Amino acid sequence: MKKRNYAGIPDQYAKLENAKVVLIPVPYDGTSTWQKGADKGPEAFLDASENMELYDIETNSEVYKEGIYLTDAVTEKSSPEAMVEAVRTTTKKYINKNKFVTLFGGEHSISIGTIRAFNECFNNLTVLHIDAHADLRKEYEGSSCNHACAVYEASQTTNLVQVGIRSMDVSEKSSMNMDKVFFAHDMAVNEYWMDEVIDQLTGNVFITFDLDAIDPSLLPSTGTPEPGGLFYYETLEFLKKVFTERNVVGFDIVELCPNENEKSSDFLAAKLYYKMLSYKFSSTMEDEEDYDDDDSSPFNKLAKFKNDDDDY
């Protein structure tokens with residue numbers, strides 16, 4: 001991947017020492033089983049971001065001015081397990097610098113490493129998994145780090161809440177907490193589903209957003225598109241609620257599989273990422289008593305870590 005600033009922002013907003021946000025690209029596509037190309041997702045996302053207006057009308061903000069540092073890509077691909085460990089290490093490195101850490105994949109297996117890092121750094125973590133697929137296999141094709149296993153570990157180690165699910169293998173039911181799974185067919189007839197999801201979230205939330213959660217009529221360029229997905233403003237309404245009512249500590253977006261003849265998917269992904277940042281930095285917590293600690297900072301568990309300034 002070529003060296004650049006996120007969205008072409010001026011250098012003053014793109015330096016690590018000044019940035020509140022870190023963006024880690026992970027161009028990995030080692031275990032996908034149908035359409036290949038998710039490794040090209042980060043580059044397509046960054047290209048689209050450079051052609052996006054940086055003033056957000058809804059929040060009346062220019063969130064890039066909070067500072068967004070684009071790291072070198074995580075390019076480890078010798079094995080799924082090595083990739084997951086590289087993602088975990090890199091993610092944790094920037095969390096320990098008290099940054100709001102975000103990632104863009106790559107296939108969904110990258111989230112195994114991301115979630116491990118966040119779970120090691122934040123108390124009482126909810127993983128909010130927005131996806132068409134359950135991704136709850138313990139192992140698939142000989143590896144527990146397959147994209148089909150993306151949130152199995154999270155189901156065992158965190159408060160996993162799943163939204164938009166509409167495709168799964170029957171074997172995955174044994175790993176599901178049905179009170180915390182929101183199936184697409186139920187959401188379609190339940191006007192209160194957003195509030196019901198919020199009720200299942202703890203104070204600290206990490207969001208893993210698989211782009212195939214979006215209906216393929218809006219975002220066809222993904223590896224395994226499924227009919228019956230979320231629509232754009234529905235998605236934004238839900239995300240805004242989450243960012244407003246809970247402490248989102250980071251997020252990743254995965255599974256953009258770009259098509260050179262269809263650029264709207266790349267642009268939707270770019271807008272979604274920027275919207276999520278806009279909601280994060282324009283929202284305030286409505287109820288701080290959800291936290292275990294008195295300090296409402298999203299990094300209140302990080303006092304035990306010493307910042308390493310060598311990389312600045």
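Residue numbers run from 1 in the order of the sequence given. Quick caveat: nothing in here was measured; it's all calculated off a predicted structure.
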Test your reading of the model: is there a side-chain donor-acceptor pair from [X] to the backbone of [Y], 3.5 Å cut-off?
| X | Y | result |
| --- | --- | --- |
| Glu226 | His133 | no |
| Ser49 | Ala270 | no |
| Tyr6 | Ala14 | no |
| Asp215 | Phe231 | no |
| Glu255 | Cys257 | no |
| Arg166 | His185 | no |
| Glu172 | Leu136 | yes |
| Thr89 | Ala86 | no |
| Thr126 | Val205 | no |
| Asp212 | Ala132 | yes |

Do NZ/NE/NH1/NH2 and the carboxylate oxygens of [X] and [Y] come within less than 4.0 Å?
| X | Y | answer |
| --- | --- | --- |
| Glu85 | Arg88 | yes |
| Asp47 | Arg4 | yes |
| Asp195 | Lys241 | yes |

Atom [atom1] of [X] and atom [atom2] of [Y]: how far apart are they, to the nearest 0.5 Å?
| X | Y | atom1 | atom2 | value |
| --- | --- | --- | --- | --- |
| Tyr273 | Leu23 | OH | CG | 4.0 Å |
| Ile207 | Ile253 | CD1 | CD1 | 9.0 Å |
| Leu219 | Tyr232 | CG | OH | 11.0 Å |
| Asp199 | Glu245 | CG | CD | 8.5 Å |
| Leu103 | Thr90 | CG | OG1 | 8.5 Å |
| Asp135 | Tyr152 | CG | OH | 14.0 Å |

Does [X] [atom1] have over 12 foreign heavy atoms under 6.0 Å away?
| X | atom1 | answer |
| --- | --- | --- |
| Glu53 | CD | no |
| Glu260 | CD | no |
| Lys180 | NZ | yes |

Heavy-atom pair with the smallest gap, counting every atom of [X] and [Y]:
| X | Y | value |
| --- | --- | --- |
| Leu272 | Thr235 | CD1-CG2, 4.3 Å |
| Pro25 | Pro42 | CB-CB, 4.0 Å |
| Ser61 | Thr59 | OG-OG1, 2.6 Å |
| Ala7 | Leu54 | CB-CD2, 4.0 Å |
| Val84 | Ser109 | CG2-O, 3.8 Å |
| Gln200 | Val161 | O-CG2, 3.8 Å |

Contact check, side chains of [X] and [Y], non-hydrogen atoms, under 4.5 Å:
| X | Y | result |
| --- | --- | --- |
| Met83 | Ile110 | yes |
| Ile68 | Leu277 | yes |
| Ile214 | Thr222 | no |
| Tyr69 | Lys99 | no |
| Lys3 | Asp72 | yes |
| Leu125 | Val249 | yes |
| Ile24 | Thr91 | yes |
| Tyr28 | Val254 | no |

Tell me, with the steps shown, if Asn124 and Asn159 meet side-chain hydrogen bond (donor to acceptor under 3.5 Å, both in side chains). CA-CA 8 Å; Asn124 198 21; Asn159 177 50; over 6 Å; no
[X] vs [Y] aromatic rings, parallel, tilted or perpendicular, using cut-offs 30° and 60°?
| X | Y | result |
| --- | --- | --- |
| Phe281 | Phe100 | perpendicular |
| Tyr279 | Phe243 | tilted |
| Trp193 | Phe238 | tilted |

Between [X] and [Y]: side-chain donor-acceptor atoms closer than 3.5 Å:
| X | Y | answer |
| --- | --- | --- |
| Asn247 | Lys280 | yes |
| Ser221 | Asn259 | no |
| Asn60 | Tyr55 | yes |

Please report the C-alpha distance between Asn96 and Cys121 in whole Å, then the side-chain angles of each, then the deciding distance to 0.1 Å, and finally whether the side-chain contact (heavy atoms from CB on, under 4.5 Å) criterion is met. CA-CA 8 Å; Asn96 291 353; Cys121 295; 3.9 Å; yes
Is there a path of hydrophobic side-chain contacts, each under 4.5 Å between heavy atoms, that joins [X] and [Y]?
| X | Y | value |
| --- | --- | --- |
| Met178 | Met168 | yes |
| Tyr233 | Val163 | yes |
| Tyr192 | Phe183 | no |

Please lay out, stage by stage, how Tyr13 and Asn5 fare under the test side-chain contact (heavy atoms from CB on, under 4.5 Å). CA-CA 9 Å; Tyr13 301 115; Asn5 291 349; over 6 Å; no
Residues two or more places apart in sequence or in another chain: which of them pass salt bridge (Lys or Arg N to Asp or Glu O under 4.0 Å) with Asp186? none
Is there a side-chain hydrogen bond (donor to acceptor under 3.5 Å, both in side chains) between Ser155 and Ser175 once you walk through the steps? CA-CA 7 Å; Ser155 75; Ser175 300; 5.2 Å; no
Which pairs with one or both residues in residues 57-71 pass salt bridge (charged side-chain N to carboxylate O under 4.0 Å, His left out), sequence neighbours excluded? Lys20-Glu66, Glu58-Lys240, Glu58-Lys275, Glu62-Lys65
Take Asn190 and Phe182 through the test side-chain contact (heavy atoms from CB on, under 4.5 Å) and record every step on the way to the result. CA-CA 10 Å; Asn190 179 5; Phe182 294 82; 5.8 Å; no
Evaluation steps, side-chain contact (heavy atoms from CB on, under 4.5 Å), between Val170 and Lys173: CA-CA 6 Å; Val170 67; Lys173 289 179 70 175; 4.1 Å; yes
